[in-house]
2 protein chains.
Amino acid sequence: MGNRFLIVGGVAGGASVAARIRRLDETAIIIMFERGRNVSFSNCALPYHLSGIVEKSEDLVLMNPGKFKEQYNIDARVNSEVVKINREEKKITVKNSVTEEVYEERYDKLILSPGANPIVPSLEGTDRNHVFTVRNVEDISKLNNYVQHREVMDIAVIGGGFIGVEVAENLRLAGYNVSIVEFSNQIMAPFDYDIVQVLQKEMIDNGINLIVNDGLSKVKEGFIELNSGRKVEAQAVVMAIGVRPETTLAKDAGLEIGELGGIKVDHNYQTNDKDIYAVGDAIEVYNRLTRKATKLALAGPAQRQARAAADHMYGKNHRHNGVIGSSCVQVFHQNAASTGLNEKAAQMAEINYDFAYIIPGDKVGLMPSSNPMHFKLLYEYPTGKILGAQAIGKGNVDKRMDVIASMITMGATVEDLKELELCYSPIFSTAKDVVNLAALVASNLLYGEYKQVPVTKIRELVENNAYIVDVREPSEFEMGHLNNAVNIPLSELRQRLNEIPIDQPVYVHCRTGQRSYNAVMALQNLGYTNVYNVAGSFLGVSIYEYFNDQTTNRKKILTNYNFA
Amino acid sequence: MGNRFLIVGGVAGGASVAARIRRLDETAIIIMFERGRNVSFSNCALPYHLSGIVEKSEDLVLMNPGKFKEQYNIDARVNSEVVKINREEKKITVKNSVTEEVYEERYDKLILSPGANPIVPSLEGTDRNHVFTVRNVEDISKLNNYVQHREVMDIAVIGGGFIGVEVAENLRLAGYNVSIVEFSNQIMAPFDYDIVQVLQKEMIDNGINLIVNDGLSKVKEGFIELNSGRKVEAQAVVMAIGVRPETTLAKDAGLEIGELGGIKVDHNYQTNDKDIYAVGDAIEVYNRLTRKATKLALAGPAQRQARAAADHMYGKNHRHNGVIGSSCVQVFHQNAASTGLNEKAAQMAEINYDFAYIIPGDKVGLMPSSNPMHFKLLYEYPTGKILGAQAIGKGNVDKRMDVIASMITMGATVEDLKELELCYSPIFSTAKDVVNLAALVASNLLYGEYKQVPVTKIRELVENNAYIVDVREPSEFEMGHLNNAVNIPLSELRQRLNEIPIDQPVYVHCRTGQRSYNAVMALQNLGYTNVYNVAGSFLGVSIYEYFNDQTTNRKKILTNYNFA
């Protein structure tokens, strides 16, 4: 008889461990226990059932126990909760939630892949039956049936992270009035406050009622009440604040828990009990950029951990690269992707960084499918080592992010990225791709070829009457411009130098930063020593101001500008 | 007065040198001479005018001399052919093709960016006025006007490289009957013979008359005659055999020409005359993978060379990475991309290589926009160093190729690629991306975990009555299968072991290679020592056989299979 491998939890982590063990060993006895009704389903595709992109909830189920048995000779048991680990006798106690049967199973190796649970705060009304979470196929079915068959018009999604945003989008696509309530000052934490404004604009433009800086206080029949006292109509509420590693079983068994609340594992995904491994959303992983533990609820890393754990049980070495955290999301017509560290993460890790923020075309401009892409590249100062990036646009942001993820993984600098030779055809990209351009800007900044000022500082400059030159053509200027900006088109710059003061800082922008870069270089070469390029230029500034212009009464810094 | 920089040729190389010099030096005198009517146009977008994707030919023009003057203070002279270089006096002779004026200009630095010319063989009839080449805006306008205003129904494109294929596609989209005549045994040389069949199928499926292994012999009125004697109707003919570096001026001036016929340059893009630089399609570049000189007619590298050359003139160092050659193309509904070395190039360079060929889904299978992607990864044996890749599919092949290009550039191995943490969301990719999967297969092969046989060998196996197991389900088997293949679904494998001979080689395939991989591992673990996975599996084999099945009468190796 072979060794006995018991696996707690299916989906990405558990099922991958099981399949890998089978490939390594035909004699292994493999039993997988899943508390829910489905042992293998597409977690990340759940929200797409709400819009009908994934028509039937059954389609979300990838493998059933019958297939696991037939194809892999794996015993997958659903409705089976593992309630206890007896480490001394190497046994677990299992409870069947349908038959109520309780029984024990002996293991040689135990693998924990219990995942993470949605956080539901104990607030008034969160136990009402029109409050939902989204963790598995049953959850999404329940939510979908409720909104379709009750008289639901208005839905509130609490939390503006990945799940909240995807759920909100898909419900909106299905025709509901959707509000998002986000406690912090922005949705989608992997993105910085400047670039995320593109997504926030997209949400608003598509009819989402986006509320930030406010939290849920009470759930009532037909509406919710927020901390600010504001009431929001909602006949259904989705809780998507975040997830918490499922560690009860591990804790009860005396397994070590890390500082962030996840199961602690070593290089080989072993817990402090060498016969118990843990993988997936329940564990803490090592971030190779911050060199600290982190939590990461992503399917790809879970699958890699699973394979590594299985390999280790069979004496195969594996490399442990740590994680960088790469993710992407579609929000209506905008795609967004990020990898590595953003500004907040770099600050938290006390890494000295700088960044380039550019908005070039994602394809050759004359191609009908060309669109501007917002792209932010973070790098370490003074080494130029790439730390992370974020991109938002209608085109292939994921492609650019995958390149950056590759470069980070290989320890590349902006100098490497600048020279990268990527695929080019006018319908796919530009001869210098977005990532090349970002690296060019970054290396220019690093070498001190010119200076820049971020979009986040422009309001202050305008309010303080700084000298801002807008080098776009007059026709562009007339369509909207910064208050007090002086319009000197690049094409007239050299003739109108006398208008530009040499004894004070000069801030230059155009539409996307290309013409202003040339203007800045010209001015410097003509003796101006205190010239700044506006990172993100007019496109960046106007989108940065949009959300607050729409939702607050603060003084506008844009003259004659129509955002639509 | 500043230094005098004279530039021969505009477009990607010349215009980039000019712009960079201006950014570095406001006092420089920069004069750019272009033989044609336009000094800056989108070379790569030319074919898209034929289908109307780029509606007006004027839109192909990016910058005119007025803009160069205004925005960059660059003197761009069109219709101006540089006919002679006087190296001793550092002067050039220019001839204005409109006014016929001939004059001299003095230079401090001369930059050659003359590009490459379409090759037109001296055959009977190639001088007729219905024979066209595609090099610039005038060419494409001429071709477009001819086919639109004469009674043209049938067009023959000679040459199946990038330009030939793009011209053929766009003419087909415009409604013409298009033939491609390719001298070698396949179109699109950057792709290997196995994977290129996907593109050849796409051409045929979209009504292109694709002729390989044949060459142009004569152009007649209304038709062409091929070497085989075959006649093809054609009221218009496009010559797209290839390009040849434009070196006449350089040669006449005694500048060194390389073995491949391009201008020879050093690390800094200087010719053997230190005051003369050369960049773009006219030069030979260094291939970092083969460590040999190569020619590369691509816009991205030209722009990088231009920047490096300008920087060098101003005492700035730059890194010279050599080239790897990354490119992509759209062919109707299929996208194709490649980077680095293919099999032919690796063989020519005498590099010991192996490859993985997989056809996974490009997105999570339940997403409506998911499609199979053909992906081929070449790596060095025994180091596992990545050498190149090719991908063809309806989805984002360029994204996968850019990742591989990044990894090659950073010296990565398949082990690095396997662990790469890329962006994942079901609408963008799969948790293990195509590139991760290819690397997993490659590392399995490298470590000897299992063996594979390429699609190119399957015909021989079938003809020799090898033992082939098809582990798909019976319903799939009935829709078409390899002659003599035995259908033992993966789900029945362990029960039907007695049917599989242990004393002879066993070849296993499924639809895409995933199930057969599990079957191969199971068989090995059950004592079978001579088992092979069919790389590319049924999908790969059937597409590999398609073109010859359609165009020749050779014996079919597929039973009951309907390609449509």
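Residue numbering restarts at 1 for every chain, and letters A, B, ... go by the order of the sequence lines.
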- Query: So, the side chain of A:Asp402 versus the backbone of B:Cys423: is there a donor-acceptor pair under 3.5 Å, distance only?
  - Reply: yes
- Is any NZ, NE, NH1 or NH2 atom of the basic residue among A:Glu421 and B:Arg304 found under 4.0 Å from an Asp or Glu carboxylate oxygen of the other? no
- Of all of B:Val520, B:Asp433, B:Ile427, which one pairs up most often with chain A through heavy atoms under 4.5 Å apart? B:Ile427
- Task: Drop me the distance from A:Thr409's OG1 to B:Glu419's CD, to the nearest 0.5 angstrom.
- Result: 10.0 Å
- Task: State whether a side-chain donor-acceptor pair under 3.5 Å links B:Arg23 with A:Asn518.
- Result: yes
- Between B:Thr27 and chain A, which part of the residue has a heavy atom less than 4.5 Å away: side chain, backbone, both or neither? neither
- Message: Counting heavy-atom pairs under 4.5 Å with chain B, which one of A:Val54, A:Asn321, A:Ile324 comes out on top?
- Response: A:Ile324
- Query: Non-hydrogen atoms of chain B under 4.5 Å away: do they reach the side chain of A:Asn43, the backbone, both or neither?
  - Reply: neither
- Heavy-atom proximity to chain B below 4.5 Å, by part of A:Leu523: neither
- If you count heavy-atom pairs under 4.5 Å between each of A:Val471, A:Thr430, A:Leu440, A:Thr339 and chain B, which one has the most? A:Leu440
- For the residue pair A:Tyr424 and B:Ser326, establish whether any side-chain heavy-atom pair is separated by less than 4.5 Å. no
- Message: Checking the side chain of A:Arg494 only, and the main-chain atoms of B:Gln71 only, is there a donor and an acceptor separated by less than 3.5 Å?
- Response: yes
- Contact part of A:Ser429 toward chain B, heavy-atom cut-off under 4.5 Å: side chain, backbone, both or neither? neither
- Could you check which of B:His318, B:Lys432, B:Glu55 has the highest count of heavy-atom pairs closer than 4.5 Å to chain A? B:Lys432
- Query: Around atom CD1 of B:Ile163, are there more than 12 heavy atoms of other residues, nucleotides or ligands at under 6.0 Å?
  - Reply: no
- Would you give the length of the straight line joining atom CG of A:Asp398 to atom OG of B:Ser425, rounded to the nearest 0.5 angstrom? 9.0 Å
- Query: What distance separates B:Lys67 NZ from A:Ser491 OG, expressed to the nearest 0.5 Å?
  - Reply: 9.0 Å
- Query: A:Met367, A:Glu492, A:Glu70, A:Met521: which one forms the most heavy-atom pairs within less than 4.5 Å of chain B?
  - Reply: A:Glu70
- Residue from A:Gly300, A:Pro426, A:Ala337 scoring the most non-hydrogen pairs under 4.5 Å with chain B is A:Pro426
- Whatever's closer than 4.5 Å to a heavy atom in chain B on A:Tyr48 counts as side chain
- Query: Which answer fits A:Tyr72, side chain, backbone, both or neither, if we ask what part of it has an atom under 4.5 Å from a heavy atom of chain B?
  - Reply: both
- Checking B:Asn436 against chain A: side chain, backbone, both or neither under 4.5 Å from a heavy atom? side chain
- Using a cut-off of under 4.5 Å on heavy-atom pairs, state which of B:Val329, B:Ile408, B:Val397 scores highest against chain A. B:Val329
- Message: Return the OG to CG distance between B:Ser327 and A:Leu422, rounded to the nearest 0.5 Å.
- Response: 12.0 Å
- Most contacts with chain B, counted as non-hydrogen pairs under 4.5 angstrom, among A:Leu62, A:Asn396, A:Asn73: A:Asn396
- Message: With a 4.5 angstrom heavy-atom cut-off, is it the side chain or the backbone of B:Arg20 that approaches chain A, or both, or neither?
- Response: side chain
- Item | Region of A:Leu493 that comes under 4.5 Å of a non-hydrogen atom in chain B | neither
- Item | B:Lys316 versus chain A, the contacting section by heavy-atom distance below 4.5 Å | side chain
- Task: Kindly compute the distance separating CG (B:Leu420) from OG (A:Ser406), expressed to the nearest 0.5 Å.
- Result: 4.0 Å
- Contact class of A:Val323 relative to chain B, heavy atoms under 4.5 angstrom: both
- Minimal heavy-atom distance between A:Gly411 and B:Met410, with the atoms involved, is C-CE, 4.4 Å
- Residues in side chain to side chain donor-acceptor pair (under 3.5 Å) with A:Asp416, at least two apart? A:Thr413, B:Arg319
- In terms of heavy-atom pairs under 4.5 Å, which option from A:Leu298, A:Ile404, A:Asn335 contacts chain B the most? A:Asn335
- Message: Under 4.5 Å from any heavy atom of chain B, what part of A:Arg307 do you find: side chain, backbone, both or neither?
- Response: side chain
- Applying a strict 4.5 Å limit to non-hydrogen atoms, the region of A:Gln303 in contact with chain B is side chain
- Query: Can you say whether B:Glu449 sits under 4.5 Å from chain A via the side chain, the backbone, both, or neither, judging by heavy atoms?
  - Reply: side chain
- Query: B:Val364 versus chain A, heavy atoms under 4.5 Å apart: side chain, backbone, both or neither?
  - Reply: side chain
- Task: Select, from B:Lys69, B:Lys399, B:Arg400, B:Glu415, the one with the greatest count of heavy-atom pairs under 4.5 Å involving chain A.
- Result: B:Lys399
- Query: Taking B:Pro368, B:Ala522, B:Gly365 one by one, which has the highest count of heavy-atom pairs under 4.5 Å against chain A?
  - Reply: B:Ala522
